2 protein chains.
Amino acid sequence: MALKGGTRARRWNPVRMEDVAQRAGVSLMTVSRAIRLPHTVSEGTRAKVEAARAELSYVGSAIAGQLAAGRTRLVGVVLPDLRNAAFALAMQGLSDTLGREFELVVASPHGAEEGDEHVIRSLLGYRPAALVIHGNVRSREARKILVSSEIPVVEMGSLLRRPVGCSIGYSNREAGEAATEYLLAKGHRTVGFVCAPMRYNERAKERWHGYRAALKRRGIAPRPDLELEIELGYRRGEEAFKLLRKRERGIDAVFFTGDAWALGALFYCQRQGIEVPRDVALMGFDDQEQAALVVPALTTVRVPRYEMGAQAGRVLRARLMDLPHGDTQIDLGFEIIERSSA
Amino acid sequence: MALKGGTRARRWNPVRMEDVAQRAGVSLMTVSRAIRLPHTVSEGTRAKVEAARAELSYVGSAIAGQLAAGRTRLVGVVLPDLRNAAFALAMQGLSDTLGREFELVVASPHGAEEGDEHVIRSLLGYRPAALVIHGNVRSREARKILVSSEIPVVEMGSLLRRPVGCSIGYSNREAGEAATEYLLAKGHRTVGFVCAPMRYNERAKERWHGYRAALKRRGIAPRPDLELEIELGYRRGEEAFKLLRKRERGIDAVFFTGDAWALGALFYCQRQGIEVPRDVALMGFDDQEQAALVVPALTTVRVPRYEMGAQAGRVLRARLMDLPHGDTQIDLGFEIIERSSA
DNA sequence: TTGAAAGCGCTAACAA
DNA sequence: TTGTTAGCGCTTTCAA
């Protein structure tokens, strides 16, 4: 600790705890206590330190503090895509329940081919107190480094058979099956299916399995030509819808595994005078706020977006504070919301 | 560096650089180099280190590394609200241009009354390499600690007269004025206005100033009873619209400073058989993807959401790498998108 | 209630 | 090309 004002360039905020200590006329350690454990220092000392802190606009270095303490107050969040409003809702739930004492470090793969391993490794470098993964851990290597990191991990969105840590969500397979069965029960027989590219998206794949299962139970032959994998978006929904109708004029219904696609198709029908659900039934997924307001109102599947994040936050708080915590699998369920489009 | 396997509890991932070094049969420093500056070590050494690293599943501590190096690879992001899709787009732009080498630490105020000061202070604790603030720095205290932190700061969304660092965006005032003038030029005289609560939202206030200015230039008396401040949302848009119509049966047009509100109102009109724009004209703000697809297509103001984030990323990259960088004020402009609703 | 010493896991500067 | 030494700015431990 020699050479305090040495030659080494002072990086960052030049105000250190030491400076506050000198100003307050106490030792560095007392400043540390006054800030983190105010009740362990005397009233007068606390006031002096607080005054010095304010005068110098001192902001402690979380980096240094957490390195010394051996634990951070960072929670890593892995998102498949920053743009998706559904993830944003879950983030809000997480942030709300985690509270002020944790910060969220958010990362998503740069480019579709980048594996989850890279993102997870980057986040683990910051030694987060916990990790929340929207979606599921795919690669074997990612699993391995997660397990050996020994921090609480929450996988969110799909209930998994073999989660790395805790799994919160609902069964995408059952949701897909229920939605398809809903359409079949209405008498539709030629039902299209639209989902995200399944290669990198376990949830999409699950919903597809559910869709196929529902067809099978009714003894309906699958139509691979009516199953589309595309990126999310309103326009994409319109395009997918047009393509499906081109491929099969007599299509009865389309199950879009995302409201944005379904709404895009619905708006297209509005413009073209295609009557929904008489000419073709449309089913969405997510129950976004607008789904209830469009004409005809969109029949869709409601999944607990905000609640997933909030539950994740609660589970992590409990784990991090060594409180007892419940299951490692939390099924929040889903709900078919019957409206007018199907 | 004594007591290596001492009594002190080993927190975090127990694998340290030292362990990799031993395994590879080289010094700690060589491992550090092999990882960060691969070209400065010999081929063989690099291979040995890489093998050891893989065997031990070593993930370096960014916390320790960055404390030692005196700079982090974190970029702090302040968002007014995690849910807002508009911010998500800007985040994506930021993430895309910043690239893999930086992580984003995202924070937003917990509760509407919490000042920006608290959020900014929390983020600065992590000594981020830079800070991106969506919106503007309000409090004097926040300004002060930002300035004294001496890191690059980007304020995004509104062009500011006196930004803390760099300001990227467009003039909300001019956008508000242009949109209103557009409606007035169409012959509308009784024009409602809907925005977010102005108390905590400088952008909303700016748009309102623009709205008032446009009225004034045309010699139209303002109607404070037709100016509403509400939270964003489709349903809220519908409610606001109903309220405005109740207050003034003869309302000609409504300028919603957010597409979600405008679309909510538009969907309501669809359901009620209110003809847009014949009965009443509707104007949005943001040009979300759906705006072009609904019936009638929504006339709105396009602002460069993604581009703002991307520009912020570019400016920061330049600053952080000491490259020359352009202006400290980047006006990305806005555009009135004329469609059918107004 | 306060302080001094040791060191968190790594990088920078310098030496070999 | 590799190794050694001295910290980064804090917290922990232990002593006063």
Side-chain angles (χ1 to χ4, degrees), chain A residues 1-22 24-49 53 56 58-73 124-127, chain B residues 1-22 24-49 53 56 58-73 124-127:
Chain A
M1 215 114 303
L3 275 171
K4 218 161 298 169
T7 54
R8 189 152 180 168
R10 193 64 72 60
R11 294 85 35 114
W12 288 341
N13 192 329
V15 182
R16 296 154 311 149
M17 198 176 264
E18 175 82 43
D19 303 319
V20 179
Q22 265 174 21
V26 297
S27 79
L28 181 154
M29 200 45 229
T30 300
V31 175
S32 175
R33 288 202 187 91
I35 290 173
R36 287 178 306 129
L37 314 158
H39 57 278
T40 65
V41 300
S42 74
E43 179 76 19
T45 308
R46 190 161 66 238
K48 274 191 297 184
V49 169
R53 201 186 77 96
L56 298 174
Y58 172 70
V59 178
S61 166
I63 292 281
Q66 297 174 3
L67 174 63
R71 65 203 134 77
T72 66
R73 296 209 162 282
L124 284 179
Y126 288 92
R127 300 293 187 267
Chain B
M1 216 114 305
L3 275 172
K4 218 161 297 169
T7 53
R8 187 152 181 165
R10 192 65 73 57
R11 293 84 33 112
W12 288 340
N13 192 328
V15 182
R16 294 154 312 149
M17 197 176 264
E18 175 83 44
D19 303 318
V20 179
Q22 266 175 21
V26 296
S27 80
L28 183 153
M29 199 50 223
T30 300
V31 175
S32 176
R33 287 203 188 90
I35 291 173
R36 288 177 306 129
L37 313 158
H39 58 278
T40 65
V41 300
S42 75
E43 180 77 20
T45 309
R46 189 162 64 241
K48 273 190 298 184
V49 170
R53 201 186 78 96
L56 299 174
Y58 172 70
V59 178
S61 166
I63 292 281
Q66 296 174 5
L67 175 63
R71 65 202 137 76
T72 66
R73 297 209 162 282
L124 284 180
Y126 288 92
R127 299 294 186 267

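These numbers were taken from a predicted model, which means no experiment stands behind them. Heavy atoms only: backbone and side chains are in, while hydrogens, waters and symmetry mates are out. Letters go in sequence order (proteins before strands), and every chain restarts at 1.
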Side-chain N or O of [X] versus OP1/OP2 of [N]: is the shortest distance under 4.0 Å?
{"X": "B:Y58", "N": "C:dC10", "value": "yes"}
{"X": "B:T30", "N": "D:dG3", "value": "yes"}
{"X": "B:S27", "N": "D:dG3", "value": "yes"}

Nearest non-hydrogen partners of [X] and [Y], listed with the distance:
{"X": "A:K48", "Y": "A:A24", "answer": "CD-O, 3.7 Å"}
{"X": "B:V49", "Y": "B:V20", "answer": "O-CG1, 4.2 Å"}
{"X": "B:A64", "Y": "B:S61", "answer": "N-OG, 3.0 Å"}

Provide, to the nearest angstrom, the distance between the [atom1] atom belonging to [X] and the [atom2] atom belonging to [N].
{"X": "B:Q66", "N": "C:dC10", "atom1": "CD", "atom2": "P", "value": "12 Å"}
{"X": "B:R127", "N": "D:dG9", "atom1": "CZ", "atom2": "C1'", "value": "9 Å"}
{"X": "B:L28", "N": "D:dG7", "atom1": "CG", "atom2": "P", "value": "18 Å"}
{"X": "A:R73", "N": "D:dT11", "atom1": "CZ", "atom2": "P", "value": "12 Å"}
{"X": "A:K48", "N": "C:dT1", "atom1": "NZ", "atom2": "P", "value": "14 Å"}
{"X": "A:Q22", "N": "D:dG9", "atom1": "CD", "atom2": "P", "value": "14 Å"}
{"X": "B:L67", "N": "C:dA12", "atom1": "CG", "atom2": "P", "value": "12 Å"}
{"X": "A:M17", "N": "D:dG9", "atom1": "CE", "atom2": "P", "value": "12 Å"}

The side chain of [X] is closest to which nucleotide in this list: [options]?
{"X": "A:R71", "options": "C:dG9, C:dG3, D:dT12", "result": "D:dT12"}
{"X": "B:A64", "options": "C:dG9, C:dA12, C:dG7", "result": "C:dG9"}
{"X": "A:A68", "options": "C:dT11, C:dG9, C:dG7", "result": "C:dG7"}
{"X": "B:V26", "options": "C:dC10, D:dG3, D:dT11", "result": "D:dG3"}
{"X": "A:M29", "options": "C:dG9, D:dG3, D:dT11", "result": "D:dT11"}

Under the side-chain contact (heavy atoms from CB on, under 4.5 Å) test, which residues partner [X], sequence neighbours left out?
{"X": "A:I35", "result": "A:V31, A:R53, A:Y58"}
{"X": "B:R46", "result": "B:P38, B:V41, B:E43"}
{"X": "B:S42", "result": "B:T45"}

**Prompt:** Between the axis at one end of the helix from C:dT1-D:dA16 to C:dA16-D:dT1 and the axis at the other (five pairs apiece), what's the angle to 10 degrees?
**Reply:**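 Both end axes considered, the difference amounts to 30°.
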
**Message:** Using a 4.0 Å heavy-atom cut-off, does B:I63 contact any base of the nucleic acid, only the sugar-phosphate backbone, or nothing at all?
**Reply:** nothing

**Message:** Under the salt bridge (Lys or Arg N to Asp or Glu O under 4.0 Å) definition, can you give me all pairs with a residue in residues 24-36 of chain B, not counting sequence neighbours?
**Reply:**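 Residue pairs passing salt bridge (Lys or Arg N to Asp or Glu O under 4.0 Å), neighbours aside: none found.
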
**Fill in**
Sorted by chain and number, sequence neighbours left out, side-chain hydrogen bond (donor to acceptor under 3.5 Å, both in side chains) with A:T30 holds for A:S27

**Prompt:** Which residues pass the side-chain hydrogen bond (donor to acceptor under 3.5 Å, both in side chains) test with B:T40, sequence neighbours left out?
**Reply:** none

**Prompt:** Side chains of B:V59 and A:R127: closer than 4.5 Å at any heavy-atom pair?
**Reply:** yes

**Asked** Considering only heavy atoms, which members of residues 31-47 of chain B lie under 4.0 Å from some atom of DNA chain C?
**Response** B:S32, B:R33, B:R36

